[in-house]
Amino acid sequence: QVQLVESGGGLVQPGGSLNLSCAASGFTMGDYAMGWFRQAPGKQREGVSCISKNDGSTYYSESVEGRFTISRDDAKNTVSLQMNNLKPEDAAVYYCAASWGETAQPMCVRWYAIRSWGRGAPVTVSS
């Protein structure tokens, strides 16, 4: 049974940084693409960043490109999202997800097809 548990969310001032981590269990993470998604109140869920299995190729949404960095450690079954220079519009609940057979960009774009989600970690960006 796939289990994904996010941690590291919280309150940060604009321009600050946070590191989100996702602990995966119940499956072989190395066989899956992994990703981070977010959903702000009243808005649709969106793909923030995803990382493929094997070659570790990455995808970032245009809104976070250059500020966020995704990484994975298959030996530790974790995937992380380093978020720098946070903006108020980055505030949302951030979700970790796993997708078998996908690569980074399709996973992030077709978020509605993903079946395995964590419960989410809230991120607030405010002064």
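In this text, all values refer to a predicted model and were calculated from it rather than measured experimentally. Along the sequence shown, residues carry numbers from 1. Scope of the values below: all heavy atoms of this structure, side chains included, with no hydrogens, waters or symmetry mates.
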What closest approach, in Å, do Val48 and Phe68 show between heavy atoms, and which atom pair accounts for it?
CG1-CD2, 3.6 Å
Quick one, Asp74 with Lys53, criterion salt bridge (Lys or Arg N to Asp or Glu O under 4.0 Å). Give me CA distance, side-chain angles, the key distance, then yes/no.
CA-CA 9 Å; Asp74 291 341; Lys53 67 176 185 177; over 6 Å; no
Considering all heavy atoms of both residues, which atom of Arg67 and which atom of Leu86 are nearest to each other, and what is their separation?
NH1-CA, 3.9 Å
My understanding is that only one of Phe37, Trp36, Tyr94, Tyr112 makes a ring-ring contact (aromatic ring centres under 6.0 Å, His included) with Trp117; could you say which?
Phe37
Where do Tyr32 and Ser99 come nearest, in terms of heavy atoms and distance?
CD2-C, 3.5 Å
Does the side chain of Ser57 pick up a donor-acceptor pair with the side chain of Ser52 at under 3.5 Å?
yes
Do Ile70 and Val123 land in one hydrophobic cluster if side-chain heavy atoms of ILVMFWY residues count as linked below 4.5 Å?
yes
Could you work out, with side chain to side chain contact (heavy atoms under 4.5 Å, CB included) as the rule, every residue matching Ser17, not counting sequence neighbours?
Gln82, Asn84
For the student: nearest non-hydrogen atoms of Ala97 and Met107, plus distance
O-CE, 3.4 Å
Ser61 and Ser63: side chain donor to acceptor below 3.5 Å:
yes
Do NZ/NE/NH1/NH2 and the carboxylate oxygens of Arg119 and Glu6 come within less than 4.0 Å?
no
Using the rule that two of Ile, Leu, Val, Met, Phe, Trp, Tyr join whenever any of their side-chain heavy atoms come within less than 4.5 Å, decide whether Leu4 and Trp100 are in one cluster.
yes
Distance in Å, Ser49 OG paired with Met34 CE, rounded so as to fall on 0.5 Å steps
11.5 Å
Where Ala40 and Ala92 come nearest, the two heavy atoms and their spacing
N-CB, 3.8 Å
